[in-house]
Amino acid sequence: MAIKTANFIDPFDSAQERGVAGVFGMWVFIAVVAMIFVACILGYVVVRFDQPPGREWMPEGTPGLPSALLLSSAVLLISSWTMQLAVRAARLGQQMQLVYAMGATLGLALLFLAVQALAWNELWTRHATIESGLYAWTFYVLTGVHALHVIGGLPPMVYVFRRSREGQYTPTDYNGVVLCAMYWHALDVIWMVLYATLWICSALT
Amino acid sequence: MTTIQLPSPGAMPDTIEARPASDNYLTHTRGILSWIFTLDHKRIGVMYMWSVLGSFLLGGTFALLLRTELLTPGPTITESADTYNQWFTLHGAIMVFLVIIPSIPAALGNIILPIMLGAKDVAFPRLNLFSYYLWVTGAVLCVVSLAMGGFDTGWTFYTPYSTTTTAGGVIPVLTAAFVLGFSSIFTGLNFIVTVHKLRPPGMTWFRMPLFLWAIYATAIIQVLATPVLGITLLLLIVERTVNIGIFNPSMGGDPVLYQHFFWFYSHPAVYIMILPAMGIISEIIAINSHRAIFGYRLIAFSSIAIAFFSFIVWGHHMFTSGQSALMNTLFSAISFSVAIPSAVKVFNWIATLYKGSVSLTTPMWYALAFLFLFTIGGLTGLHLATLSTDVHLHDTYFVVAHFHYVMMGSALIGMIGGLHHWWPKIFGRMYDERLGTIACWIIFIGFNVTFFTQFMLGSQGMPRRYYDYQPEFQIYHVISTIGSYIMAVGFTLTAISLFGSFFNGKKAPANPWGGRSLEWQCASPPPFDNFAKAPRVGDCYDFSVVHWDPKLGGYRVDESNDPEVNPAAQGTKAAH
Ligand code: HEM
Ligand SMILES: [Cu+2]
């Protein structure tokens, strides 16, 4: 129902309309996030292939991409799957499964960040620090910006997790779970594109 | 005069008499907290408006300082060229990021868009308030930057200067621009969703007033271009902090890449500034000509076309940066094509004026000023988009004059026109028409004296952003400075006419100009919830049903003869 108080007037006539608008708004927001990464990736590709003559992108002895990235990619993929399980559970009204699936996704998200930290550590200890050149620098920046978006996704995820523990989502009203899932899948897709770009650009030496 | 038929009860418009006049959005709740935490789009818009106008005053003060300094070659009012650099940087950054970009969408758009659309509010009221506080944060960061030693990079923050200058306030101001960018993104997001999801029954896409089309096209640019600025500024902040990064040539980075990123945002950003103003002009011209706007669809689509083109012309700011000849040629050619949708609009406005019965109200004077100034601004854009002439004109006062004609002469004049147009709606008071018109003329004259001179300065080779100059240029600088003082007088008079309305302004009728779109059918000021019942949406440019009503002291929309409202009246419309 539309809510009206002394200082708030709900522009929507029903929760359902509000939900549809929320999903649409999330699509627009995903476009915003996508543009951030389009800029990052294009900038990276340009710097990568536009090096001044005589300058190596990866001079002798530069370590390749950290192997931990394979693990973190797998973790992120699985978290997308558990996220989708959560949406399904919410749709079917399975409260327990919803809580478990949300909890699992949250755990996997934290695990992803931990593995990314390992990857940073791996590169750093092999002497590819931020000072050693743009190869390492762009790696830290690209994965860092992505990690920031993952971190930004955590508070909403915790919120949805708590609300699902309180049993607030019903098969007719589980929009919060859907919005969370949309954002999460978007970060997953972005990560895959980012990883592929990094991989291709480092392989081409 | 035809007699006025009373509308049938079912078609009674939601005019001022229909509701108790005492309850409007300004008086609905009281106390400062009811403003600070308001979720009402109208109040948020009003807060934006005061904030933007305050920033305009500040930015304008710096402009006057700049012009005064340039009265004589060498030192005039400051001994230090670096202080001068700080002034023009502040002037530019304030005017662009704090004033022009948010002025129309966030201030006027917030107030008017939902009412015009027939909605109760924007789609996400909390996000809307959040955007406003992001704006405030950005403004505060600008002040912090000043306190930390200011910045002298120019509003464009070009590397490597911005990463190496010793001015202390660079990082806070970059952060400010970053935060303001997100304020703009969230406003755009809100408006896109509002236009898509909150149109009431009957408000089809092609019944939307052109102002809404313009704001919609603007919102698309805000959402797609601003993130690129965000990430660029972030990279710049990091690069300045640790001195490492992709814009740093000593590491194999490329400072020109910064320019690409910056203009990929900032060229579309100039359309964030101009498109909403064009929307306002469409409304003002149609309403004051009391005649259906000519080429509605062309104007609507040209907004979208401009939004599209705006993304692929950024390289015209970089003709002298060393980008390849092929790129230069392509960017030049595409830039020319932007002129086409812009000209389409101008011709349609002129065609609307032709044979209209034009009321020369203050907003209409602003619209005419816009037509004149935008034409000059747009055409000189073509000089700059031509490769061979730009090599000569780049970084001269010619560019300064060009962008002031479009940003100030068009975007800002459009904004002031819109402010006058909707002032009675927003505050329920009429301003002094005569004073308003005189002020408009003074601004117009002052503007041309200031900036037309700068075309001449620039074409003779006076570089922009210089503290000192050859004595031969002095006469032009003096004329230009005098023009800026004239403008200051004009703006002061405008302020007197507008603010005076709070003290001795007549109470505004619901529909003072004879508008047909929905905002003119609710009371002035609008009630808290805009519309008690869903409004009926008619053809917003069919003025044949709008009649002067001496009892109201304003116009009345009488749809009783419209077959859509009253089937019994079939066929009588022509006789009306
Ligand atoms: C007919 C369409 C237009 C064309 C073809 C055009 C073309 C150009 C070109 C080629 C330049 C670069 C000049 C140089 O630096 O050498 C330029 C600068 C500029 N234009 Fe336009 N322009 C047009 C409309 C506009 C509009 C509508 C606005 C703003 C509302 C605008 C704002 C600016 C600004 C701010 C700059 C200078 C930025 C700076 O260097 O600080 N232009 N324009
Ligand atoms: Cu441009």
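The figures that follow rest on heavy atoms only: side chains count, while hydrogens, waters and symmetry mates do not. Order of the sequence lines sets the chain letters (A, B, ...), proteins ahead of strands, with each chain counted from 1. Remember, predicted model here, so these are calculated numbers, not experimental data.
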What part of [X] is in contact with chain A, defined as an atom under 4.5 angstrom from a non-hydrogen atom: side chain, backbone, both or neither?
X	answer
B/Phe124	side chain
B/Ile185	side chain
B/Ala119	neither
B/Leu127	neither
B/Ile244	both

Which atoms form the tightest heavy-atom contact between B/Lys120 and A/Asp13, and what is the distance?
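Scanning both residues completely, I find the closest heavy atoms to be NZ-OD1, 3.6 Å.
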Looking at every heavy atom in both A/Pro11 and B/Leu198, which two are closest together, and how far apart are they?
O-CD2, 3.4 Å
Heavy-atom neighbours of [X] [atom1] exceed 12 at 6.0 Å:
X	atom1	answer
A/Gln168	CD	yes
A/Arg88	CZ	no
B/Tyr133	OH	yes
B/Trp205	CH2	yes
B/Tyr158	OH	yes

Chain A: which of B/Val122, B/Thr38, B/Leu39, B/Leu189 shares the most heavy-atom pairs with it under 4.5 Å?
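Answer, by heavy-atom pair count under 4.5 Å with chain A: B/Leu189.
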Select, from B/Val228, B/Val242, B/Thr226, the one with the greatest count of heavy-atom pairs under 4.5 Å involving chain A.
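Counting heavy-atom pairs under 4.5 Å, the top option is B/Val228.
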Under a 4.5 Å heavy-atom cutoff, which of A/Leu134, A/Val47, A/Val145 has the most pairs with chain B?
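It is A/Leu134.
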Output the option from A/Cys40, A/Ala31, A/Gly25 having the highest count of non-hydrogen pairs under 4.5 Å with chain B.
A/Gly25
Can you name the residues of residues 250-266 of chain B that have some heavy atom under 4.5 Å away from a heavy atom in chain A?
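So the qualifying residues are B/Ser250, B/Met251, B/Gly252, B/Gly253, B/Asp254, B/Leu257, B/Phe261, B/Phe264.
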Describe, in one word, how the ring planes of A/Phe24 and B/His196 are oriented to each other, choosing from parallel (under 30°), tilted (30 to 60°) and perpendicular (over 60°).
tilted
Find the distance between CG (B/Leu234) and CG (A/Leu148) and round it off to the nearest 0.5 Å.
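The CG atom of A/Leu148 is 7.5 Å from CG of B/Leu234, to the nearest 0.5 Å.
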Need one label for [X]: side chain, backbone, both or neither, based on atoms under 4.5 Å from any heavy atom in chain B.
X	answer
A/Val141	side chain
A/Val46	side chain
A/Phe29	both

Please walk me through it: do A/Trp137 and B/Val238 pass side chain to side chain contact (heavy atoms under 4.5 Å, CB included)?
CA-CA 11 Å; A/Trp137 172 252; B/Val238 178; 3.3 Å; yes
